[in-house]
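Letters go in sequence order (proteins before strands), and every chain restarts at 1.
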Number of protein chains: 2
Amino acid sequence: MRIGELGQATGVDIETIRYYEKAGLLPEPARRNNGYRAYGASHLERLAFIRHCRALDISLADVKRLLEFVAHPEVDCGDIDCLIDAQLARVRARLESMRALERQLSALRSRCGARHSAGDCGILHELVAAAHGEACACHRGVPPEQDKTATSDMASAGRRKA
Amino acid sequence: MRIGELGQATGVDIETIRYYEKAGLLPEPARRNNGYRAYGASHLERLAFIRHCRALDISLADVKRLLEFVAHPEVDCGDIDCLIDAQLARVRARLESMRALERQLSALRSRCGARHSAGDCGILHELVAAAHGEACACHRGVPPEQDKTATSDMASAGRRKA
DNA sequence: GCTTGACCCTGGAGTGACTACAGGGTGTTA
DNA sequence: TAACACCCTGTAGTCACTCCAGGGTCAAGC
């Protein structure tokens with residue numbers, strides 16, 4: 001099948017397919033007389049494998065390693081476990097920071113209800129206050145990293161009126 | 001203060017500071033006779049503002065917009081709300097997919113306990129099965145996107161023994 | 001005066017995983 | 001013959017940095 005058909009069958013953009021080939025994840029397919037790439041079932045499968053791994057957010061470098069395990073099933077699989085464990089640890093760490101982020105943004109969002117000028121906007125106030133190292137709604141409880149005192153146009157920005 | 005001092009004070013890498021300047025987020029500072037950048041309190045504050053926004057995962061483009069609100073407090077703040085709302089929506093969507101990802105990886109991880117050859121590895125089996133469109137532990141319940149049947153070396157990879 | 005070492009400068013390249021585009025060729029249908 | 005969908009290669013752009021080469025500046029110590 002042609003590249004467009006492979007893309008259709010797998011839901012993968014043809015640019016991405018060519019990218020995988022260049023990156024060494026998909027083997028170079030045979031070519032037709034007109035130079036078009038000619039894919040077979042094995043390409044389709046391999047591409048599906050890659051996409052499934054990517055859906056699990058596994059990096060292309062790690063997908064490459066997994067493909068080597070597929071090609072060499074006699075190898076000890078301890079490294080596969082490590083790879084998945086590391087991936088799981090990464091995902092869990094990111095999950096934690098995303099949760100914190102969600103809390104912070106929610107808190108920030110609650111600072112501003114009705115429409116008014118930016119000078120009176122609680123969100124902007126909070127962000128500017130955070131720049132001063134003051135406790136902000138979004139990072140409340142988290143010790144501020146800054147301890148500087150400074151006066152500038154930003155310090156008064158939130159106070160000026162239109 | 002010099003760039004190194006500003007970096008120290010804010011915990012920001014000096015390369016990143018120069019990057020922000022080139023990207024138009026930090027105004028170009030004055031220069032000493034020797035060409036060194038000379039920063040003041042306003043720069044420190046602005047940099048802290050940027051970093052706080054980045055900690056909330058707000059893109060540099062959006063930080064730029066927020067900085068314009070800081071400079072023009074007379075403007076209606078509706079756009080700030082939209083910006084934060086959009087950010088919150090992005091974060092929540094990502095959070096959801098991260099949660100699903102965590103579940104999927106956990107399920108996948110539980111497929112392989114003791115050490116053995118890759119050919120017997122449940123993780124690899126699952127990943128290959130997923131490439132065939134079979135229901136996999138990681139995406140169980142989720143209808144498979146692929147419906148192709150294919151035979152290749154990948155199909156038998158998980159079955160061969162060392 | 002000389003060396004050492006910390007600090008600063010610019011400009012450019014690299015990261016990951018694509019995505020977009022320019023400028024061309026091929027194949028089918030009307 | 002033209003229109004149009006599809007394919008090719010090669011290059012550049014995205015985001016937010018990060019790293020590096022190759023140089024200049026400055027204070028302290030010998």
Side-chain angles (χ1 to χ4, degrees), chain A residues 1-26 28-39 43 46-67 83 86-87 90-91 94 97-98 101, chain B residues 1-26 28-39 43 46-67 83 86-87 90-91 94 97-98 101:
Chain A
M1 61 181 123
R2 280 172 303 153
I3 195 167
E5 293 169 305
L6 179 61
Q8 199 93 48
T10 54
V12 179
D13 194 292
I14 60 164
E15 307 266 17
T16 303
I17 296 174
R18 284 196 280 249
Y19 171 76
Y20 287 161
E21 179 182 326
K22 216 191 293 183
L25 280 122
L26 265 185
E28 288 188 30
R31 299 282 183 148
R32 299 184 183 189
N33 291 338
N34 57 14
Y36 288 14
R37 288 172 177 81
Y39 293 100
H43 289 97
R46 200 172 164 108
L47 183 54
F49 180 88
I50 295 168
R51 292 308 278 187
H52 185 68
C53 291
R54 293 292 302 131
L56 293 169
D57 213 20
I58 295 170
S59 72
L60 289 186
D62 281 350
V63 174
K64 222 166 179 172
R65 290 179 54 205
L66 286 173
L67 283 167
L83 195 155
Q87 182 65 16
R90 264 195 301 276
V91 166
R94 259 200 286 165
S97 75
M98 292 295 290
L101 192 53
Chain B
M1 61 183 127
R2 281 172 302 154
I3 196 167
E5 294 169 305
L6 180 62
Q8 199 95 48
T10 53
V12 180
D13 194 293
I14 60 165
E15 306 267 17
T16 304
I17 297 174
R18 284 197 279 250
Y19 170 75
Y20 286 161
E21 180 183 325
K22 216 190 295 183
L25 279 121
L26 266 185
E28 288 189 28
R31 298 282 182 147
R32 299 184 183 187
N33 291 337
N34 58 15
Y36 288 14
R37 287 172 178 80
Y39 292 101
H43 290 95
R46 200 174 164 107
L47 184 54
F49 180 88
I50 295 168
R51 291 309 279 188
H52 185 67
C53 291
R54 291 294 300 132
L56 293 169
D57 213 21
I58 295 170
S59 72
L60 289 185
D62 282 349
V63 173
K64 221 167 179 173
R65 290 178 56 203
L66 286 173
L67 283 167
L83 196 154
Q87 182 65 16
R90 262 196 301 277
V91 167
R94 259 199 286 166
S97 75
M98 293 295 290
L101 193 53

Tell me what B:Lys22 touches on the nucleic acid: a base, only sugar-phosphate, or nothing, going by heavy atoms under 4.0 Å.
nothing
How far apart are the closest heavy atoms of B:Leu6 and B:Thr10, and which atoms are they?
O-OG1, 2.7 Å
Would you say B:Arg31 and B:Arg37 make side-chain contact, with heavy atoms under 4.5 Å?
yes
Whole angstrom value for the distance that separates P of D:dC6 from CE of A:Met1:
16 Å
Rounded off to whole Å, could you give me the CD-to-C1' distance for the A:Gln8 and D:dC7 pair?
15 Å
Under a 4.0 Å N-O cut-off, is there an ion pair linking A:Arg90 with A:Asp57?
no
Can you find a pair of side-chain heavy atoms, one from B:Tyr19 and one from B:Asp13, that are under 4.5 Å apart?
no
For B:Arg32, answer base if it contacts any base atom (sugar-phosphate contacts may also be present), sugar-phosphate if it contacts only those atoms, and nothing otherwise; contact means non-hydrogen atoms under 4.0 Å.
nothing
Does the side chain of B:Ser59 get closer than 4.0 angstrom to OP1 or OP2 of D:dC15 through an N or O atom?
no
Euclidean distance, atom NZ of residue B:Lys64 to atom P of D:dA16 [Å, nearest integer]:
11 Å
Overall bend of the helix from C:dG1-D:dC30 to C:dA30-D:dT1 (five pairs an end, 10° steps) is 30°
Do A:Leu67 and A:Ile50 come close enough that some side-chain heavy atom pair is under 4.5 Å?
yes
Side-chain donor-acceptor contact under 3.5 Å, A:Arg51 with A:Tyr20:
yes
Figure out the CG/C1' separation between B:Asp57 and D:dA16, and round it to whole Å.
11 Å
To the nearest Å, how far apart are B:Tyr19 OH and D:dC19 P?
15 Å
When you list every nucleotide of DNA chain C with an atom under 4.0 Å from a heavy atom of chain A, which one comes first 5' to 3', and which comes last?
C:dA17 to C:dG27
With the criterion being N/O to N/O and under 3.5 Å, what pairs connect the protein with nucleotides 26-28 of chain D, and how long is each?
from: D:dC26; atom 1: OP1; to: B:Asn34; atom 2: ND2; distance (Å): 2.9

Where do B:Cys53 and B:Val63 come nearest, in terms of heavy atoms and distance?
CB-CG2, 3.5 Å
Round to a whole Å and report the spacing from CD of A:Glu15 to P of D:dC6.
14 Å
Any A:Gln87 side-chain heavy atom under 4.5 Å of A:Leu56 side chain
no
B:Glu5 atom CD, neighbour heavy-atom count above 12 within 6.0 Å:
yes
Starting from C1' on D:dT9, measure out to CD on A:Glu28 and report it in whole angstrom.
13 Å
Test item: A:Arg54 and A:Leu60 side chains (from C-beta on) under 4.5 Å apart, heavy atoms
yes
How about B:His43 and B:Met1: do any of their side-chain heavy atoms sit closer than 4.5 Å?
no
Do the side-chain N or O atoms of B:Tyr20 get closer than 4.0 angstrom to the phosphate oxygens (OP1, OP2) of D:dC17?
yes
Just checking B:Arg18: base, sugar-phosphate only, or nothing, at a heavy-atom cut-off of under 4.0 Å?
base
Starting at the 5' end of DNA chain C and moving along, which residue's nearest nucleotide shows up first, A:Ile58 or B:Glu5?
B:Glu5
Please classify the nucleic acid contact of B:Arg37 as base, sugar-phosphate, or nothing, using heavy-atom distances under 4.0 Å.
sugar-phosphate
How far apart are the closest heavy atoms of A:Leu25 and A:Lys64, and which atoms are they?
CD2-N, 4.1 Å
